[in-house]
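Here the structure comes first, spelled out in structure tokens, and everything after it is commentary.
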Amino acid sequence: EITYGLGYDTDTKFRAKAQYKNENFLGNLKQLVVGAKANSEGYELYNNFYNPYFIDDDISFSNDIAYSNKNYKSYSEKKIEERLTFSKKFWEIEHNAGVLLEHSTIKSDLDLYKSGSYLLNSLFYEAIFDKRDDILNPKNGYFLSFYIENGTKLILSEIDYIKIKTEFRYIKTVDRFTSSFKTTFGTINKDLPIFKHFFAGGDYSNRGYSLDEVGEKDSNNKPYGGLSMIDSSLEFEYAINKDLGIVTFFDSTMLSLKENKFNDKFYNSYGFGARYYTPIGPLRVDFGFPINDGGFVFHIGIGQVF
């Protein structure tokens, strides 16, 4: 299978993708994917090998290798990454565990964070419990995930660290009204290089702000991100018909530059928008208004937020 794609959203602007996929590589439903994608931030070359029957029918194996060259708000990064993942589903929960190897060369735009090259190797575990009624256009159900990443010198990481991120989503539809809620908690146990920080803001986060613009900034308006994060969204939708809906929302985000601190300043916003439902997810248009900063931010994109 050969796939080409073009898209646009207000976070990463125009994007393009080209991908080759073989769904029976070397037989027994092994998959091979090779591709490239680019947007306003930069580009990424990636490769995936997937064996669904790595250990009988119980455990699957995935090897992802990628090279990326991207420019973000506060830094630019060239990164080589390899992720080895072993997966098994039981008790209706998808369990993923493995090894993440990352070599990043950073050019920082922030005085407080140095440029340089970093080798961060970690062990990770992820659990996903998804009870939504539809992945692309859910109307009822809930989603829960937990992720922990442990950088350790035992596998030649330059820094020992622990990074945790957990997410909860809930969706309920009654007649023409749909209520949606999501919240994400994240924490890092020490101050890491800037590319490992949490960032918030954008059409999948706090919609009163542009991409990654939530939180403290330096004198040049470059965001620091945070070591502790709470990022929440509450949305109400009214369906005009089966394809079109209008929404109102309230988003709230806390980002702290201190580890395990969840009572720092909250950045709140509200807004309204519209949804046009397509076979590949909703086309979303939102206007977000930050409560304390004034002005508004316009977002357009496609895909499910909740």
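A cation-pi arrangement is found for Arg284 relative to Tyr204, the charged atom lying closer than 6.0 Å to the ring centre and inside a 45° cone about the ring normal. Both the sub-6.0 Å distance and the 45° axial angle are satisfied by Arg207 relative to the ring of Phe249. A cation-pi arrangement is present between Arg169 and Phe143, with the terminal nitrogen or guanidinium carbon under 6.0 Å from the aromatic centre and inside a 45° cone about the axis. Both tests pass for Lys37 against the ring of Tyr46: distance under 6.0 Å to the centre and angle within 45° of the axis. Remark: Lys163 is positioned above the aromatic ring of Phe198, its terminal NZ or CZ atom under 6.0 angstrom from the ring centre and at most 45 degrees off the axis.
We find that Lys88 and Asp58 are joined by a salt bridge, their nearest charged nitrogen and carboxylate oxygen being less than 4.0 Å apart. Using a 4.0 Å cut-off between charged side-chain N and carboxylate O, Arg275 and Glu235 make a salt bridge. A salt bridge is defined here as a Lys NZ or Arg NE, NH1 or NH2 lying under 4.0 Å from an Asp or Glu carboxylate O, and Lys21 with Glu23 meets this definition. A salt bridge does not link Lys190 with Glu259: every distance from a Lys NZ or Arg NE/NH1/NH2 to an Asp or Glu carboxylate oxygen is 4.0 Å or more. A salt bridge does not link Glu216 with Lys265: every distance from a Lys NZ or Arg NE/NH1/NH2 to an Asp or Glu carboxylate oxygen is 4.0 Å or more.
Thr173 places no side-chain N or O within 3.5 Å of a backbone atom of Asn140 that could act as its donor or acceptor partner. Ser68 contributes no side-chain N or O that, together with a main-chain N or O of Lys70, makes up a donor-acceptor pair within less than 3.5 Å. At least one donor-acceptor pair under 3.5 Å links the side chain of Thr278 to the backbone N or O of Ile280. In this structure, the side chain of Thr248 does not engage the main chain of Glu237 through any donor-acceptor pair within 3.5 Å. Remark: the backbone N or O of Tyr224 is paired with a side-chain donor or acceptor of His197 at under 3.5 angstrom. Of the possible donor and acceptor atoms, none in the side chain of Ser252 sits under 3.5 Å from a partner among the backbone N and O of Asn268. The main-chain N or O of Tyr267 is found under 3.5 Å from a side-chain atom of Asn206 such that the two form a donor-acceptor pair. No donor-acceptor pair under 3.5 Å is formed between the side chain of Ser233 and the backbone N or O of Lys182. Asn121 contributes a side-chain N or O that, together with a main-chain N or O of Ile155, makes up a donor-acceptor pair within less than 3.5 Å. Without hydrogens or angle criteria, Asp251 side chain to Ser269 main chain gives no donor-acceptor distance under 3.5 Å.
Contact of the Ile302 side chain with the Asp9 side chain is not registered, since no non-hydrogen atoms from C-beta on lie closer than 4.5 Å. Looking at heavy atoms from C-beta onward, Thr253 lies out of side-chain contact with Phe266 at the 4.5 angstrom threshold. Looking at heavy atoms from C-beta onward, Ile240 lies in side-chain contact with Ile246 at the 4.5 angstrom threshold. In this structure, Val247 and Asp286 have side chains that are in contact, with non-hydrogen atoms separated by less than 4.5 Å. For the pair His299 and Val285, the minimum side-chain heavy-atom distance is 4.5 Å or more. Looking at heavy atoms from C-beta onward, Asn137 lies in side-chain contact with Pro282 at the 4.5 angstrom threshold. By the 4.5 Å heavy-atom criterion applied to side chains, Phe124 and Thr85 are counted as neighbours.
Of all the heavy atoms in Leu257 and Gly225, the pair that sits closest is CD2-O, 3.6 Å. Contact between Asp109 and Asp218 at its shortest, heavy atoms only, is O-OD2, 3.8 Å. Across all their heavy atoms, Ala239 and Arg176 have their closest contact at O-NH1, 2.8 Å. Contact detail for Ile188 and Gly226: the closest heavy-atom pair is CD1-O, 4.4 Å. Across all their heavy atoms, Ser115 and Tyr118 have their closest contact at O-OH, 4.2 Å.
Side-chain rings of Phe181 and Tyr170 stay apart, their centers remaining 6.0 Å or farther from each other. Ring pair Phe90/His95: centre-to-centre distance below 6.0 Å. Taking the six-membered ring for Trp, Phe250 and Tyr270 have ring centres at least 6.0 Å apart. Taking the six-membered ring for Trp and the full ring otherwise, Tyr142 and Phe129 have centroids separated by under 6.0 Å.
One distance of note links CE of Met229 with OG1 of Thr184; it measures 5.5 Å at 0.5 Å rounding. Put simply, OH on Tyr53 and CD1 on Ile59 are 14.5 Å apart, with the number rounded to the nearest 0.5 Å.
Side chain to side chain, Ser256 and Ser228 fail the donor-acceptor criterion of an N or O pair below 3.5 Å. Counting only N and O atoms by type, the side chains of Tyr147 and Glu149 include a donor and acceptor under 3.5 Å apart. Side-chain atoms of Ser122 and Asn150 include no donor-acceptor pair closer than 3.5 Å. Side-chain contact check for Thr152 and Ser157: no donor-acceptor pair (N or O, by modelled atom type) lies under 3.5 Å. In this structure, a donor-acceptor pair under 3.5 Å is present between the side chains of Ser62 and Asp64.
Of the candidates Phe287, Phe272, Tyr209, Phe287 is the only one forming a ring-ring contact (aromatic ring centres under 6.0 Å, His included) with Phe298. Checked options Glu81, Glu77, Lys78; the residue passing with Ser104 is Glu77 (criterion: side chain to side chain donor-acceptor pair (under 3.5 Å)). When each of Ile162, Asp160, Leu227 is tested with Asn189 by the rule side-chain contact (heavy atoms from CB on, under 4.5 Å), just one qualifies, namely Ile162.
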Inset, instruction - Could you please spell out the steps behind the salt bridge (Lys or Arg N to Asp or Glu O under 4.0 Å) verdict for Glu102 and Lys196? - result: CA-CA 11 Å; Glu102 299 175 283; Lys196 276 294 184 179; 2.8 Å; yes
Inset, instruction - For side chain to side chain contact (heavy atoms under 4.5 Å, CB included), just list the numbers for Ile128 and Ser145, CA-CA rounded to whole Å, side-chain angles, deciding distance to a tenth of an Å, and then say yes or no. - result: CA-CA 4 Å; Ile128 299 173; Ser145 69; 4.3 Å; yes
Inset, instruction - Please assess Thr3 against Glu1 for the test side chain to side chain contact (heavy atoms under 4.5 Å, CB included), listing each intermediate value before the final yes or no. - result: CA-CA 7 Å; Thr3 304; Glu1 176 184 295; 3.4 Å; yes
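Note: Tyr75 and Phe199 have tilted aromatic rings, judged against thresholds of 30 and 60 degrees for the angle between ring planes.
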